[in-house]
Every structure is written in structure tokens, then in C-alpha cells.
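Take a look at the structure set out below.
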Amino acid sequence: MTNNQVNSKKRVTDHGEVFTAEREVTAMLDLVKQETERIDT
């Protein structure tokens, strides 16, 4: 099974390293975009 979010099982075990797809990151950033644009935050 190929999973492009996991570089190697050893890296996941040693470092908890898992890659997040760009579309997921963009969706998460969209959720907080309004807060990042506030001048008082």
C-alpha cells in the first residue's frame, strides 16, 4: 500500500512525521484566515 502522507514507517515512529496534503492545509488556513487579518490579534 502506498501512502503519500507517510515518508517511511521509521520516520513516523521516530518523529511522528506525517505529511498533510496541500488542499487540507489550505482548508485549515481558510478556517483561521479572518483571525489572521485582524490588526488586534
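Just the heavy atoms: all of them, side chains too, but no hydrogens, waters or symmetry mates, feed the values below. Counting begins at 1 with the first residue of the sequence.
Annotation: the span from Glu22 atom CD to Leu29 atom CG amounts to 10.0 Å, rounded to 0.5 Å. The distance from the OG1 atom of Thr36 to the NZ atom of Lys33 is 7.5 Å, given to the nearest 0.5 Å.
Looking only at side-chain heavy atoms (C-beta outward), Met28 and Val32 stay at 4.5 Å or farther from each other.
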